[in-house]
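Naming: A, B, ... by sequence-line order, numbering from 1 per chain.
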Amino acid sequence: MQLERIARILKESQPGERIKIKGWVRTKRELKEFSFVEINDGSSLANLQVIINSNLPHYNEKIKKINTGTAVAIEGNLVESPAKGQRIELHAESVDIIGDCDPETYPLQKKRHSFEFLRTIGHLRMRTNTLGAVMRVRNACANAIHQFFQSRGFLWVHTPIITASDCEGAGELFTVTTLSLEEITQQKDKQITYKDDFFGRHTYLTVSGQLEAEIMAMAFTNVYTFGPTFRAENSNTSRHLAEFWMVEPEMAFCDLEGDQNLAEEFLKYIFKYVLEKCPEDMEFFNQRINNNVLKNAENIINEEFARITYTEAIDLLEKSGKNFEFPVAWGMDLQSEHERYLAEEYFKKPVIVTNYPKDIKAFYMRLNDDGKTVAAMDILAPGIGEIVGGSQREERLDVLQARIEELKINPEPLWWYLELRKYGSVPHSGFGLGFDRLVQFITGMDNIRDVIPFPRTPMNAEF
RNA sequence: UCCUCGAUAGCUCAGCGGUAGAGCGGUCGGCUGUUAACCGAUUGGUCGCAGGUUCGAAUCCUGCUCGGGGAGCCA
């Protein structure tokens, strides 16, 4: 008999069907004549309720082994459930214990656990309702991203994880090396010579695939990257990871407005997709995690994002009458409290802030005609802060060279990036979206460590 | 990295100088339809680690480790 997944059974199967399932026991309720056992196989939030009658052969011996966490195979008939709570239930005719689970030591109980505790049992926490829902939504998000770009003719390009360009200025980098650290620390006066290293030069884990994505966009017009990136920043917050996933579209023949349009359309598409594919999980988040999850999602989908320039944002902040910890002045970077005011209090929806002062943004962003600002854009989302950061890139060789010189960046390793401006250079734009933050935003989860299966943060690389 | 709060039973916490507690979980028993089941009984501890103060420290002090919240850095 073919193995059925529980999500499909709960949705489509009819009473009278004979089925076989395999999964893990979530709860068991023993009565005198029979027991209720709920089985979950990860395909859905809801469990399938199984009734095991005490007249089943070896009942006592088997029911003793069925505890929270036990892996079982059950075959039987589906019947209409006489009680409230479920449409159908499975009357077991055969029960096989596939893997025991010792209830005395199994750390998961059927009651609620704190997320802090669950992080210490990263190998088992996936079996909880919340982490299960998160991972299904995470998967749906990834799917939505590919569908969105693929349906618009974007090429998924694979930029390198190991890279020699450290010039983006996006935080501290992890060095990749095969040099012996033991040897180096013993030889005090010896200088590290990367010439002897694996690649013959100093290499790092990538902090962004953007510069390489620009190479690809200059040949394929519209491309996107979707993969892991790394920051060795000592950040201890609920929004930062040392290893996180990023989506970075890059579009040739596209200006900052086109960039904003794509980003807004993109976010709306993902939210719509997740609501459609994971209604049960989203309902769960709305009930148990954050009561605003569904309202926020509708807000993203239906409301046009606010769009203001940095200069207008400063003006709004100055007129807000708020007593900010960091005083507002043109030229400063927006602090968390400022971003929060704009997205959460003033607009109450995502806001795209554009044209930041050149001094607080990266060298590759296109200089505006005023000579003071660059064609950058950040999308600030309520409850999350900066979720998207993008810009129109500087396509003019002389202007780019002047910026590099101004910022005292060594142009030598950027030779290929500069050559892109020499041979068929075109206006182009792109943005980066923190994938884990997106999942955090959609699910309403407080801590980014609970939306990725294996979080990498300072002092933590277990599992 | 900075500020701040915390660490006591498997989990969530109370106790805040004088014999280590509760709820949940686990175990045993009961219950003809439960669904975070219910009822009764029972089990369970190097009070994060290392020093110090004291007749006496889970409790006060110092250092360290780890965790939460906030900030910076950013996505």
Side-chain angles (χ1 to χ4, degrees), chain A residues 26-39 46-54 64 67-69 79-86 89 91 101-121 124 128-129 168-172 207-210 228-248 263 288 324-326 333-340 360-362 378-381 384-390 431-441 446-450 452 457-460 462:
Chain A
R26 279 293 174 84
T27 73
K28 172 181 72 169
R29 292 179 288 276
E30 267 185 273
L31 275 67
K32 198 177 180 184
E33 303 292 333
F34 57 96
S35 295
F36 295 100
V37 178
E38 297 205 22
I39 311 296
N47 307 315
L48 180 63
Q49 176 163 284
V50 178
I51 282 79
I52 305 177
N53 204 289
S54 60
K64 207 164 212 151
N67 300 300
T68 304
V79 301
E80 202 173 319
S81 179
K84 277 184 187 166
Q86 56 281 313
E89 60 189 26
H91 282 210
C101 187
D102 177 13
E104 306 248 14
T105 55
Y106 189 59
L108 283 176
Q109 55 189 48
K110 31 190 173 177
K111 298 271 171 154
R112 217 200 96 88
H113 286 293
S114 68
F115 291 117
E116 293 83 40
F117 169 66
L118 290 176
R119 272 173 231 147
T120 68
I121 49 167
L124 299 171
T128 62
N129 285 337
E168 221 238 316
E172 295 285 314
V207 294
S208 162
Q210 183 202 312
T229 45
F230 308 86
R231 306 271 164 98
E233 210 69 51
N234 190 8
S235 298
N236 293 290
T237 81
S238 55
R239 307 184 312 281
H240 288 86
L241 293 164
E243 175 180 316
F244 64 99
W245 282 59
M246 196 150 60
V247 183
E248 295 176 291
R288 298 291 185 92
F324 293 114
E325 192 189 332
F326 291 85
D333 210 347
L334 295 182
Q335 304 294 321
S336 286
E337 56 176 344
H338 305 136
E339 297 182 349
R340 197 162 294 150
I360 56 172
K361 288 292 180 185
D378 284 353
I379 301 186
L380 313 177
I384 289 288
E386 189 182 333
I387 191 165
V388 166
F431 64 82
L433 168 123
F435 180 65
D436 313 276
R437 280 191 188 172
L438 173 76
V439 178
Q440 205 183 350
F441 187 31
D446 284 330
N447 199 308
I448 201 164
R449 295 163 202 211
D450 301 320
I452 185 168
T457 52
M459 304 310 292
N460 186 12
E462 190 76 55

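- Not counting sequence neighbours, the partners of A/Arg119 by the side chain to side chain donor-acceptor pair (under 3.5 Å) test are A/Asp450.
- For the residue pair A/Gln440 and A/Ser238, the shortest heavy atom distance occurs at NE2-O, 3.2 Å.
- The base of B/U1 lies outside donor-acceptor range of the side chain of A/Glu233, with no N or O pair under 3.5 Å.
- By the side chain to side chain donor-acceptor pair (under 3.5 Å) test, A/Glu337 pairs with no residue at all, sequence neighbours left out.
- Contacts of A/Ser238 with the nucleic acid, taken as non-hydrogen atoms under 4.0 Å apart, involve only primed sugar atoms and P, OP1 or OP2.
- Between A/Leu433 and A/Glu38, it is A/Glu38 whose nearest contact on RNA chain B lies nearer the 5' terminus.
- Taking atom CG on A/Asn234 and atom C1' on B/A71, their separation rounds to 13 Å, with Å as the unit.
- Residue-level contact check: A/Arg340 touches the backbone only, with heavy atoms under 4.0 Å from sugar-phosphate atoms and none from bases.
- Not counting sequence neighbours, A/Glu386 has no partner by the side chain to side chain donor-acceptor pair (under 3.5 Å) test.
- Between A/Lys32 and B/C31 there is a side-chain N or O to OP1 or OP2 distance below 4.0 Å.
- No engagement by A/Glu325 is indicated, since no non-hydrogen atom pair under 4.0 Å with the nucleic acid exists.
- Contacts of A/Asn447 classified as side chain to side chain donor-acceptor pair (under 3.5 Å), with partners at least two apart in sequence or in another chain: none.
- For A/His240, there are no ring-ring contact (aromatic ring centres under 6.0 Å, His included) partners two or more places apart in sequence or in a different chain.
- One finds no side-chain N or O of A/Asn236 lying less than 4.0 angstrom from the OP1 or OP2 phosphate oxygen of B/A71.
- Of the P atoms belonging to B/U1 and B/G10, the separation is 31 Å, rounded to the nearest Å.
- A sub-4.0 Å separation between OP1 or OP2 of B/G72 and a side-chain N or O of A/Ser336 is present.
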Convert the base pairs of RNA chain B into dot-bracket notation, remembering that pairs crossing earlier ones are written with [ ] and that bases paired across to another strand are shown as |; include only Watson-Crick or G-U pairs under 3.5 Å. (((((((..((((....[..)))).(((((.......))))).....(((((..]....))))))))))))....
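- Of all heavy-atom pairs spanning A/Glu248 and A/Ser208, the tightest one is OE2-OG, 2.8 Å.
- Contact annotation for A/Leu108: no contact, since no heavy-atom pair falls under 4.0 Å across all strands.
- Straight-line distance between the C1' atoms of B/U8 and B/G15: roughly 9 Å, to the nearest whole Å.
- Scored by the ring-ring contact (aromatic ring centres under 6.0 Å, His included) test, A/Phe326 finds no partners at all (sequence neighbours excluded).
- When the P atom is used for both B/A36 and B/C31, the distance is 23 Å, rounded to whole Å.
- Side-chain atoms of A/Ser235 and base atoms of B/C73 include a donor and an acceptor less than 3.5 Å apart.
- Among the protein residues, A/Glu89 comes within range of the nucleic acid bases, having at least one heavy atom under 4.0 Å from a base atom.
- Within the nucleic acid shown, A/Glu337 has no heavy atom closer than 4.0 Å to any nucleic acid atom.
- Looking at heavy-atom distances under 4.0 Å, A/Asn47 makes no contact with the nucleic acid at all.
- Among the heavy atoms of the strands, none lies under 4.0 Å from A/Lys28.
- Using a 4.0 Å heavy-atom distance criterion, A/Arg449 is classed as a sugar-phosphate-only contact.
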Protein proximity profile, nucleotides 4-13 of chain B - base contact B, sugar-phosphate-only contact S, no contact -, cut-off 4.0 Å on heavy atoms: ------BSS-
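- Annotation for A/Ile387 and A/Leu438: closest pair CD1-CA, 3.8 Å, computed over non-hydrogen atoms.
- Take the nearest nucleotide of RNA chain B for A/Arg288 and for A/Arg119: the residue whose nucleotide is more 5' is A/Arg288.
- Every residue meeting the ring-ring contact (aromatic ring centres under 6.0 Å, His included) condition with A/Phe34, not counting sequence neighbours, appears here in chain and number order: A/Phe36.
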